[in-house]
> 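Attaching a single structure in structure tokens format; questions to follow.
Residue numbering restarts at 1 for every chain, and letters A, B, ... go by the order of the sequence lines.
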2 protein chains.
Amino acid sequence: MGAQSNSHLRPKVAVDAVVLSFAQREFQTYLVRPRAAAARGKWACPGGLVAVGETLDDAARRELRASGLANEPYLEQLFTFGNPSRDPAAHVISVAYLALVAAPVRSSSPTKKYFEGSWFRVSALPALAYDHALMVRRGIARVQAKLGYTNIACNLLPESFCFSELEALYSGVLGRVLDRRNFRRRIMAMGILRPAPGVRRGNHRPAQLYRFLKRDLQTVQIL
Amino acid sequence: MGAQSNSHLRPKVAVDAVVLSFAQREFQTYLVRPRAAAARGKWACPGGLVAVGETLDDAARRELRASGLANEPYLEQLFTFGNPSRDPAAHVISVAYLALVAAPVRSSSPTKKYFEGSWFRVSALPALAYDHALMVRRGIARVQAKLGYTNIACNLLPESFCFSELEALYSGVLGRVLDRRNFRRRIMAMGILRPAPGVRRGNHRPAQLYRFLKRDLQTVQIL
DNA sequence: CCAAAAGTGTTGGCTCTACACCCATGA
DNA sequence: TCATGGGTGTAGAGCCAACACTTTTGG
């Protein structure tokens with residue numbers, strides 16, 4: 001058939017997701033160990049080929065479900081990697097997604113597609129297949145930038161959180177300590193948080209919980 | 001791996017370029033009228049299918065050359081559009097590029113691929129094929145945002161320009177008048193311009209020319 | 001009672017905005 | 001000489017960064 005005879009001359013399209021969370025003062029990323037030969041022995045971002053008739057977002061969500069990740073993440077398109085040599089086996093163009101989850105947990109089972117999935121500190125990544133190290137770096141850069149001018153932080157925190165948790169996120173990402181009073185005043189002045197019922201307890205004075213007023217992405221000058 | 005064996009079931013990949021310039025206090029975009037049946041009778045952003053072995057950037061540059069555009073533009077990836085219904089004829093995933101040129105001029109000849117190419121004010125666009133109206137809007141939004149925190153303006157201006165031209169760009173994009181003295185002081189304080197030889201003449205006092213110190217993209221807080 | 005984190009105000013410096021007049025040229 | 005845009009300084013307001021002590025709980 002004609003379509004098939006020249007279709008090998010066209011690049012294929014995949015989606016890959018850079019899955020990030022923030023814990024222990026650092027970004028964590030979720031990686032999988034594919035059974036496919038091309039990436040054997042290395043770790044990779046969850047991903048796979050796009051099917052005809054499917055949107056890119058749907059493909060990304062489908063692949064994330066198949067990767068053993070627990071909860072529905074926040075998703076946004078990151079960048080499309082099209083270097084023909086990024087996969088030595090074939091020309092595969094990959095639409096990378098950024099996926100943010102509130103806490104680095106993983107669902108129970110490995111799948112048919114992967115040997116296993118696991119979280120890694122981004123400062124200590126294993127060997128990554130393809131150009132996935134590049135992808136992860138770009139994903140982190142995107143989040144760092146967006147923390148400064150959007151409410152994207154709400155996708156990296158549990159639904160309610162205390163002020164020190166929010167501050168730890170910003171302080172960790174910026175790599176410098178923030179003045180607690182100035183930070184609180186600034187965030188409060190923007191009116192993007194509202195107090196939530198309950199307190200966070202510990203060996204110390206209980207902390208008021210808060211949640212984001214709106215959880216959909218909006219631009220607000222934070223830093 | 002069903003998708004892999006039935007290769008005719010895979011989406012195709014194209015690149016499209018949102019070509020923007022700034023003139024007469026407004027963005028202008030370069031559009032073409034394709035000979036291809038799918039877009040017959042409408043205008044479109046220049047673009048076409050990606051070949052195996054070619055990078056996305058190369059594909060975009062190749063398509064721009066084929067579109068009758070005069071000079072080498074600044075290029076950056078914009079967004080990848082993958083909605084399966086964006087092209088009723090087939091599932092074509094399009095990697096959109098943003099292309100900026102200093103002045104809206106077009107090369108002489110129409111090509112085999114297009115009937116013609118022409119510049120339009122973005123406030124008065126003709127009917128656009130596919131989802132290209134969306135693309136153009138997103139391209140403009142990107143430039144507007146980046147004008148505020150990068151030196152991207154250097155790709156929308158001639159190599160040397162006088163202060164009022166820079167100011168007209170910002171003022172036009174922001175949709176409000178800027179205080180000339182404050183604007184000049186602010187830009188000068190950033191040290192991203194240097195005086196260029198020569199002056200801009202007119203029915204008035206001659207204006208000192210300037211050029212950007214560095215023309216590669218760098219982030220600087222401008223607004 | 002001790003440790004550990006939560007919560008809270010003020011001030012000085014700096015930055016930003018608002019604002020008006022003279023200058024150099026071409027016609 | 002007139003019209004047109006080019007070029008320049010200052011002062012008041014508002015914002016931001018720096019700074020330390022008291023509170024509440026668990027152990």
> Would you say B:F161 and B:L156 make side-chain contact, with heavy atoms under 4.5 Å?
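No, their side chains stay 4.5 Å or more apart.
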
> Think A:R138 forms a cation-pi with A:F79, using NZ or CZ under 6.0 Å from the six-ring centre and within 45 degrees of its axis?
yes

> For DNA chain D, whose closest nucleotide is more 5', that of A:R186 or that of A:G202?
A:R186

> Atom CD of A:Q208 to atom C1' of D:dT25: distance rounded to whole Å?
15 Å

> Taking only the side-chain heavy atoms of A:R180 (C-beta and beyond), determine which of C:dA24, C:dG7, D:dG6 contains the nearest atom.
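From the listed options, C:dG7 comes nearest.
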
> Whole angstroms only, please: what is the CZ-C1' distance between A:R201 and D:dG26?
10 Å

> Can you identify which nucleotide, out of D:dT4, C:dT25, D:dA18, has its nearest atom closest to the B:H204 side chain?
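The nucleotide sitting nearest to the side chain is D:dT4.
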
> For B:I187 and D:dG6, what is the distance between atoms CD1 and C1' respectively, to the nearest whole Å?
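Atom CD1 in B:I187 sits about 17 Å away from atom C1' in D:dG6.
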
> Could you give the CD1-to-C1' distance, from A:I222 to D:dC16, as a whole number of Å?
17 Å

> Given the side-chain rings of B:Y210 and B:F163, with only the six-membered ring counted for Trp, is the space between their centroids under 6.0 Å?
yes

> Round to the nearest Å and state the distance from A:L178 atom CG to D:dA17 atom C1'.
12 Å

> Whole-Å distance between D:dT10 C1' and B:D179 CG?
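Atom-to-atom, B:D179 to D:dT10, this comes out as 12 Å.
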
> Give the rounded distance in Å between these two atoms: CG of B:L166 and P of D:dG5.
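For the pair B:L166 CG and D:dG5 P, the rounded distance is 18 Å.
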
> Both A:N182 and A:N203 contact DNA chain C. Which one's nearest nucleotide lies toward the 5' end?
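In this pair, the answer is A:N203.
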
> Taking the side chain of B:R205 as its heavy atoms from C-beta onward, which of D:dA20, D:dG6, D:dT23 lies nearest to it?
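It is D:dG6.
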
> Looking at A:S164, I'd like to know whether one of its side-chain N or O atoms comes within less than 4.0 Å of OP1 or OP2 on C:dA6.
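So the side chain of A:S164 is within the cut-off, an N or O lying under 4.0 Å from OP1 or OP2 of C:dA6.
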
> Side-chain contact, heavy-atom cut-off 4.5 Å: B:L75 with B:L98?
no

> Less than 4.0 angstrom from a charged side-chain N to a carboxylate O is my criterion; do A:E76 and A:R142 meet it?
yes

> Considering only side-chain heavy atoms of B:P206, which listed nucleotide, C:dA6, C:dT25, C:dA27, is closest?
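Among C:dA6, C:dT25, C:dA27, the one nearest the side chain of B:P206 is C:dT25.
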
> Could you check how far CZ of A:R184 sits from C1' of C:dT10, rounded to whole Å?
17 Å

> Taking only side-chain N and O atoms of B:R181, does any of them lie within less than 4.0 angstrom of OP1 or OP2 on D:dG9?
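False: B:R181 side-chain N/O out of range (4.0 Å or more) of D:dG9 OP1/OP2.
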
> Is A:R185 touching bases, backbone alone, or none of the nucleic acid, heavy atoms closer than 4.0 Å?
base

